[in-house]
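Right, one structure below, let's go through it.
Residue numbers start at 1 and run along the sequence shown.
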Amino acid sequence: MAEAVRPGGVHPCPCCRCLTFPVPREAAVAFICPVCFWENDVFSPGEDEPSDENGGMTLREGRANYHAFGAARARLVRCVRPPRPDELPQT
């Protein structure tokens with residue numbers, strides 16, 4: 001079965017920075033980015049604070065993993081997809 005095409009978000013994922021969040025980060029409770037598979041943690045806003053939603057990983061670690069593997073965790077590479085053109089980070 002083909003994946004349904006959904007419109008891209010307008011707010012950046014805190015991990016990969018792709019525009020995949022449909023609402024601001026503060027309101028995206030438990031939203032999982034389809035590009036990096038980071039689960040948004042509205043209760044852990046700092047880059048170096050462990051995220052309960054991400055198994056204790058920090059946002060800084062998730063970003064480093066995304067740059068190294070293409071996903072917030074190496075084991076999640078099979079779950080992610082490339083960003084669509086409208087989701088590419090704004091420069």
For the student: nearest non-hydrogen atoms of Cys18 and Val35, plus distance: SG-CG1, 3.9 Å
Any side-chain heavy-atom pair of Phe21 and Pro12 under 4.5 Å: no
Point-to-point distance, once rounded to the nearest 0.5 Å, from SG of Cys13 to CZ of Phe31: 8.5 Å
Closest heavy-atom pair and its distance - Val42, Asn40: CG1-ND2, 3.6 Å
Asn65 side, atom CG; Arg73 side, atom CZ - distance, nearest 0.5 Å: 7.5 Å
I'd like a table of donor-acceptor pairs (distance under 3.5 Å, sequence neighbours excluded) in which one partner is a side-chain atom from residues 51-58, with atom names and distances.
{"unit_1": "Ser51", "atom_1": "OG", "unit_2": "Asp41", "atom_2": "OD2", "d": "2.9"}
{"unit_1": "Ser51", "atom_1": "OG", "unit_2": "Glu53", "atom_2": "N", "d": "3.4"}
{"unit_1": "Ser51", "atom_1": "OG", "unit_2": "Asn54", "atom_2": "N", "d": "3.3"}
{"unit_1": "Ser51", "atom_1": "OG", "unit_2": "Asn54", "atom_2": "ND2", "d": "2.9"}
{"unit_1": "Asn54", "atom_1": "OD1", "unit_2": "Glu39", "atom_2": "N", "d": "3.1"}
{"unit_1": "Asn54", "atom_1": "ND2", "unit_2": "Glu39", "atom_2": "O", "d": "2.7"}
{"unit_1": "Thr58", "atom_1": "OG1", "unit_2": "Glu61", "atom_2": "N", "d": "3.1"}
{"unit_1": "Thr58", "atom_1": "OG1", "unit_2": "Glu61", "atom_2": "OE1", "d": "3.4"}

Exercise: identify the closest heavy-atom pair between Leu76 and Ala71: C-CB, 3.9 Å
Nearest atoms (heavy-atom pairs only) where Thr20 meets Cys33: OG1-SG, 3.2 Å
Sub-4.5 Å side-chain heavy-atom contact between Trp38 and Cys16: no
Residues His11, Leu19; criterion side chain to side chain contact (heavy atoms under 4.5 Å, CB included); working and verdict: CA-CA 5 Å; His11 300 279; Leu19 302 177; 5.9 Å; no
Pairwise distance CZ(Arg75) to CZ(Phe69) - rounded to 0.5 angstrom: 12.0 Å
Interatomic distance, Arg81 atom CZ to Cys36 atom SG [nearest 0.5 angstrom]: 10.5 Å
Shortest non-hydrogen contact between Leu59 and Gly46, atoms and distance: CB-O, 4.2 Å
